[in-house]
Protein chains: 2
Amino acid sequence: MQALVLTEQGPRLAYDYPLPVPLPGEAVVRPRLVGICATDLALIRGYKGGFRGILGHEFVGEVVDAPTASEWVGRRVVGEINIGCGECVLCQRGLHKHCRQRSCLGIVHKDGALAQRFTLPVANLHEVPGHLSDDEAVFTEPLAAAVEVLEQVRIVPSTRVFLLGAGKLGMLLGQVLALTGCDLTVIGRHAAPLRLLKQWHGCQTLLSDDDALGALAAAPADVVVEATGTPQGFELARRIVRPAGTVVLKSTFPGDMTPVDLSGIVVDEVSVVGSRCGPFAPALRLLEQDKVQVKPLISGCYALDDIMHALAHAEQRGVLKILVRV
Amino acid sequence: MQALVLTEQGPRLAYDYPLPVPLPGEAVVRPRLVGICATDLALIRGYKGGFRGILGHEFVGEVVDAPTASEWVGRRVVGEINIGCGECVLCQRGLHKHCRQRSCLGIVHKDGALAQRFTLPVANLHEVPGHLSDDEAVFTEPLAAAVEVLEQVRIVPSTRVFLLGAGKLGMLLGQVLALTGCDLTVIGRHAAPLRLLKQWHGCQTLLSDDDALGALAAAPADVVVEATGTPQGFELARRIVRPAGTVVLKSTFPGDMTPVDLSGIVVDEVSVVGSRCGPFAPALRLLEQDKVQVKPLISGCYALDDIMHALAHAEQRGVLKILVRV
């Protein structure tokens, strides 16, 4: 089959990749639409060094085979990407996504969705409501990651929140944060996405190279959500969060350890909260209820045949979501 | 008056230090007993570089003058050590202890309690219940700092907690954590204090050079409280906390930035919570109700005349609280 394979020599479009064979409990999925995520680009640049195989983990597709759960065949689905061992202490406490032996679709030890077929445990699948388009459903995975912030940190209408980054993930985070009615300021590098957030939710926006940035420290935030994926983002977050406030780290940065003033964190009683994948059910519900806009975030759509152009486009500054039609 | 003054040349017992003059709203306090804290020792070693003046911030004393609140004269008191400006955004939100212009008794811009007299705003004072001895009341400030952990992090009976460090602060933290009925394991460098915690609360204890330490990672904690004040403590905390768990940083480390794997914090969705000073009222109540043992933590008591020996004693490994009778 056709598949985007990450090899030692970089990404390569294969035409003769073997069809996947489902493990017990797994379904075979034919993807319809796959999103390219910052993590895919980081994996290509060598993040975590290790992953070799088919990329892609944001998808909407159709179940074409499910040997142990045939009722799923024909359903349109999205799917959670972490697969725990099911037996360790963490899995037994419901923390599958943190299982130390986990695989992760298109990221760790598991071929991903940028192929004509892939497999995933039926337990990971969520059926897509009929009136949601593929264009919308394909955002479920990153939207769930944005929702995760609200699962972890209490944000109420009087909470003053700064969001750093209005890229692919930031545009979803901005909308999810705005749902709470909080006092939201979004700081980004590009005017166009900020304008959208302002138009949709009336939130304050600020260009990150704006002189006004320094002034933020004078009226610090209760919560800062860092979604720039840069060490500079963390530094800025620490500078503009109030004492006893919370910094949510929403994106991984490739590479080295970051020097952190731990004593400053103690003295200021700041909380630093790491945040990764989130719950699919509320993400699907928000899409269904039209509470989050995703179509305006699509910067381009390519055929799998044309994946190399899709990747090049996704790498450009200011580009939001690139989709791949399989 | 007699006072322990930290000068450019180090700590020095002065005999001719001028008596303090109370500012509006301040009381003059004659300390009866003062505790030596790790922060005092760190200040002497040069932590934060800046402080010059009289050391000492853990005290029980008697109000001898209070020009604007004469009803306080004669009362036996303990006192909160942070003094905010009262006017900034943080002070107006009740975050005096985090005021950017704050002074801090014996630590920042404010002469401390290791002297025959010192001053503190009346608003910072708490009267000591009559039947609490000075030996007990002098622990109010560090006990409040231990209580702060429970104010910040939800710890319930089924929470698995590891406490790293069973020193001056660790012995208070261990007891406060045990109050919650949580599943507590205390890891320390010395057998004697661990034995006390085991005897009082039946909690598990482990010597930190024990081979068993590695095994902790196999059954990781929901919450790790780091009270060793070393960068190694943070590393160990990260290794033995479960994904989606919490590391509480309870002690500052002098010196440099610590290299931190921020991406690891994101992937594991760990929360890192800085924790400093805490509320006095519950600390006094716990002492009154005899729920926390403090007298067995006293390793020595010296006269102010003999403060240099007191400091040398406090610096020794395995020594817990050294008190100074003024």
Side-chain angles (χ1 to χ4, degrees), chain A residues 42 47-48 88-90 93-100 102 104 107-108 148 151-153 160 217-220 222 226 229 231 233-234 242-278, chain B residues 42 47-48 88-90 93-100 102 104 107-108 148 151-153 160 217-220 222 226 229 231 233-234 242-278:
Chain A
Y47 172 61
K48 298 229 167 228
C88 69
V89 181
L90 294 170
R93 291 174 67 168
L95 292 165
H96 295 84
K97 75 171 173 180
H98 289 295
C99 171
R100 295 302 188 192
R102 69 180 176 272
C104 187
I107 299 174
V108 180
E148 178 73 354
E151 302 277 323
Q152 295 177 288
V153 178
R160 186 165 160 77
D222 303 309
E226 201 302 298
F234 179 69
R242 71 164 166 82
T246 300
V247 172
V248 181
L249 297 182
K250 198 58 230 185
S251 52
T252 53
F253 348 127
D256 298 346
M257 310 282 271
T258 306
V260 174
D261 174 14
L262 291 179
S263 292
I265 287 175
V266 172
V267 170
D268 287 343
E269 296 197 306
V270 163
S271 293
V272 178
V273 177
S275 179
R276 188 170 39 112
C277 300
Chain B
Y47 171 60
K48 298 229 167 227
C88 68
V89 181
L90 294 170
R93 291 174 67 169
L95 291 166
H96 294 84
K97 74 172 174 181
H98 288 295
C99 171
R100 295 304 187 191
R102 71 181 175 272
C104 188
I107 298 173
V108 181
E148 179 73 354
E151 302 278 323
Q152 296 177 289
V153 179
R160 185 164 161 76
D222 303 307
E226 199 303 297
F234 179 70
R242 70 163 166 83
T246 300
V247 173
V248 181
L249 298 182
K250 199 57 230 185
S251 51
T252 53
F253 347 127
D256 298 347
M257 309 283 272
T258 306
V260 174
D261 174 14
L262 291 179
S263 292
I265 287 176
V266 172
V267 170
D268 286 343
E269 296 197 306
V270 163
S271 294
V272 178
V273 177
S275 179
R276 187 170 42 111
C277 299

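In what follows, chains are A, B, ... by sequence order, proteins preceding strands, each numbered from 1.
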Peer 1: Go through A/Ile265, A/Leu249, A/Thr258 and name the one with the most non-hydrogen pairs under 4.5 angstrom from chain B.
Peer 2: A/Thr258
Peer 1: So for B/Cys88, is it side chain, backbone, both, or neither that comes closer than 4.5 Å to the heavy atoms of chain A?
Peer 2: neither
Peer 1: Between B/His98 and A/Arg242, do the side chains contain a donor N or O and an acceptor N or O under 3.5 Å apart?
Peer 2: no
Peer 1: What heavy-atom pair brings B/Asp261 and A/Met257 nearest, and what distance separates the two atoms?
Peer 2: CB-SD, 3.6 Å
Peer 1: Taking side chain as everything from C-beta outward and backbone as N, CA, C, O, which of these in B/Val260 sits under 4.5 Å from a heavy atom of chain A? Side chain, backbone, both or neither.
Peer 2: both
Peer 1: How far apart are the C-alpha atoms of A/Glu148 and A/Lys97, what are their side-chain angles, what is the distance that settles it, and do they pass the side chain to side chain contact (heavy atoms under 4.5 Å, CB included) test?
Peer 2: CA-CA 13 Å; A/Glu148 178 73 354; A/Lys97 75 171 173 180; 2.9 Å; yes
Peer 1: What part of A/Leu95 is in contact with chain B, defined as an atom under 4.5 angstrom from a non-hydrogen atom: side chain, backbone, both or neither?
Peer 2: side chain
Peer 1: Using non-hydrogen atoms and a 4.5 Å limit, figure out which bit of A/Ser251 sits close to chain B: side chain, backbone, both or neither.
Peer 2: backbone
Peer 1: Determine the minimum heavy-atom distance between B/Glu269 and A/Arg276, stating which atoms define it.
Peer 2: OE2-N, 2.6 Å
Peer 1: Taking all non-hydrogen atoms of both residues, which atom of B/Ser275 and which atom of B/Gln152 are closest, and how far apart?
Peer 2: OG-OE1, 2.7 Å
Peer 1: What option among A/Asp222, A/Val248, A/Val89 has the most heavy-atom pairs under 4.5 Å with chain B?
Peer 2: A/Asp222
